[in-house]
Structure formats: C-alpha cells, structure tokens
Amino acid sequence: GPCHERGFISYHYLGVLAPEIGLTDPPDRHSLENAASFVIKSQNWATLFNCLVQCNFMPFGGYKSNWLTQQVDLLRYVTGWSIDIASVMEISERVFNLQRLINVSYGISRKDDAAPPKVFVPQQIGKSAGKIPLPFDKTLLEYYELRGWDRYGRPRVEKLEELGLTEEADLAFRYIKGLREKG
C-alpha cells in the first residue's frame with residue numbers, strides 16, 4: 001500500500017525536483033499522463049535516500065536545486081568511489097526490484113497495489129469536498145510495464161536478468177519456501 005517513504009510525490013509539489021533524471025516539473029495532480037514514469041523515477045530516488053540512510057527532509061535545507069547531483073557528490077566524497085548519477089539510479093532500481101521480489105515471495109500482488117476504499121469516498125467539507133482520486137488501474141498497468149513487471153506486479157525474468165538479480169530472486173523464493181515449510 002501507500003507509503004510516504006517510498007516516493008516523494010508530495011515533495012515535488014513543493015519544488016524538490018531532480019532534473020538530472022527527468023523530474024523537472026511537478027506532476028499535474030489532475031491528470032495521470034506520464035504519472036507512471038514520474039512515480040518510478042521518484043521511487044528510485046527515494047530508494048537512494050533510504051540506501052544512503054539520509055533524511056528525506058534534507059532537500060528542504062536549501063538543496064532544492066540539483067539535489068541529486070549533490071547527493072552523488074557527497075557519496076563520492078565519503079566513499080572515494082568513482083560513481084555517477086546513472087550508476088546510483090541503477091543501484092536504486094535494483095534495490096527497489098529486489099524489495100518487490102521479496103514482497104512477491106510473501107504473496108504481495110496487484111491486489112495490494114491499491115488505495116484503501118476510504119480514499120474513494122468524497123470528502124464532505126474543505127477544498128477537496130466532493131472529489132476523489134482519479135481511477136488509476138490503467139496507470140498501474142503502465143507502471144508495471146515500465147518497471148518490467150508482469151500484469152500481476154511480479155518482476156519479469158528479463159528485468160531480473162537486466163538488473164543482475166536472478167540469483168537473488170532464486171534465493172529469496174527458496175528462503176520464503178523454507179520458512180513456510182517450517183511453519
């Protein structure tokens with residue numbers, strides 16, 4: 001389900017963007033056009049924050065412009081690694097897919113990629129009165145396709161091979177199967 005730690009969509013409306021990876025303008029809240037692509041980039045960036053154990057509020061400390069570049073610079077300074085934005089974003093994508101793989105092995109599927117029913121009950125008062133989110137079933141399928149996942153939200157073998165995660169996938173599924181057999 002939804003988690004504010006898994007993407008920065010609300011931050012993007014406040015001006016926290018990453019032009020280095022194509023997050024140049026906040027998404028249109030009243031349209032789902034390009035939403036799947038935007039969410040993927042935002043989630044991969046959030047994964048980078050989590051991997052580096054960095055506070056998600058750091059961009060609000062004055063680093064609103066080219067924050068991702070500064071993040072990678074900081075990583076290079078601390079580690080001495082010769083790494084660039086493309087590399088860290090690929091690592092983030094690998095981590096995100098590995099997390100999804102583990103969740104899939106525990107039974108997570110498309111049915112779980114939904115908002116709670118209460119979200120679709122129109123509010124009675126305030127500036128959102130009478131409004132509900134746009135239906136996103138079609139966008140979810142687009143998201144899966146762009147991620148390289150099947151229509152059930154499972155990473156495809158080709159995607160796992162592309163990311164070098166086939167061995168990890170096998171280990172995750174064997175581990176979970178072993179846990180189930182032990183009860």
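Positions are given from 1 along the sequence. Since the structure is predicted, the reported quantities are computational estimates derived from the model, not experimental observations.
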Side-chain heavy atoms of Leu146 within contact of Ser37, under 4.5 Å: yes
Indicate yes or no: at least one non-hydrogen side-chain atom of Val39 is less than 4.5 angstrom from one of Ser42. no
Going hydrophobic residue to hydrophobic residue with side-chain gaps under 4.5 angstrom, can you get from Ile83 over to Val78? no
Testing the basics here: between Phe38 and Pro27, what is the closest heavy-atom pair and its distance to 0.1 Å? CZ-CD, 3.4 Å
For Val104 against Gly153, the heavy-atom pair lying closest together: CG2-O, 3.9 Å
Would you tell me whether Tyr144 and Asp113 have side-chain atoms, one donor and one acceptor, within less than 3.5 Å of each other? yes
Just so I know, are the side chains of Ser92 and Trp45 near enough to count as touching, which here means a heavy-atom distance under 4.5 Å? no
ILVMFWY network linking Met89 to Trp81, side-chain heavy atoms under 4.5 angstrom: yes
Interatomic distance, Leu101 atom CG to Arg94 atom CZ [nearest 0.5 angstrom]: 11.5 Å
Please round to the nearest 0.5 Å and tell me the distance separating atom CG of Leu165 and atom CG of Leu98. 5.5 Å
So how far is it from Glu142 CD to Glu145 CD, rounded to the nearest 0.5 Å? 9.5 Å
Looking only at side-chain N and O atoms, does Ser128 offer a donor or acceptor that is under 3.5 Å from a partner on Gln123? no
For Glu93, give me all partners under salt bridge (charged side-chain N to carboxylate O under 4.0 Å, His left out), at least two apart in sequence or on another chain. Lys159
What's the shortest heavy-atom distance between Pro122 and Gln124, and which atoms? O-NE2, 3.3 Å
For a quick test of reading the model, state the closest non-hydrogen atom pair linking Leu134 to Ser31 and the distance between them. CD1-N, 3.7 Å
Measure the CG-OG1 distance between Asn97 and Thr47 for me, rounded to the nearest 0.5 Å. 9.5 Å
Cation-pi check, Arg147 to Phe96: give yes when NZ or CZ is under 6.0 Å from the six-membered ring centre and within 45° of the ring axis, no otherwise. yes
Heavy atoms of other groups near Phe120 CZ, more than 12 under 6.0 Å: yes
Between Glu162 and Arg156, is there a salt bridge with N-O shorter than 4.0 Å? no
Distance from Glu20 atom CD to Ile85 atom CD1, nearest 0.5 Å? 4.5 Å
For residues 75-87, which residue pairs qualify under salt bridge (charged side-chain N to carboxylate O under 4.0 Å, His left out), counting only residues two or more places apart or in two chains? Asp73-Arg76
Looking at CD of Gln71 and CG of Leu75, how far apart are the two atoms once the value is rounded to the nearest 0.5 Å? 8.5 Å
Please find the pair of heavy atoms, one from Leu17 and one from Leu23, that lie closest to each other, and give the distance. CB-O, 3.0 Å
Is any side-chain heavy atom of Arg100 closer than 4.5 Å to one of Val95? no
Which pairs count as salt bridge (charged side-chain N to carboxylate O under 4.0 Å, His left out) when at least one residue sits in residues 114-133, sequence neighbours excluded? none
Could you check if a side-chain atom of Phe49 sits within less than 4.5 angstrom of a side-chain atom of Gln54, using non-hydrogen atoms only? yes
Do Leu48 and Leu74 share a hydrophobic cluster (ILVMFWY, side-chain heavy atoms under 4.5 Å, transitive)? yes
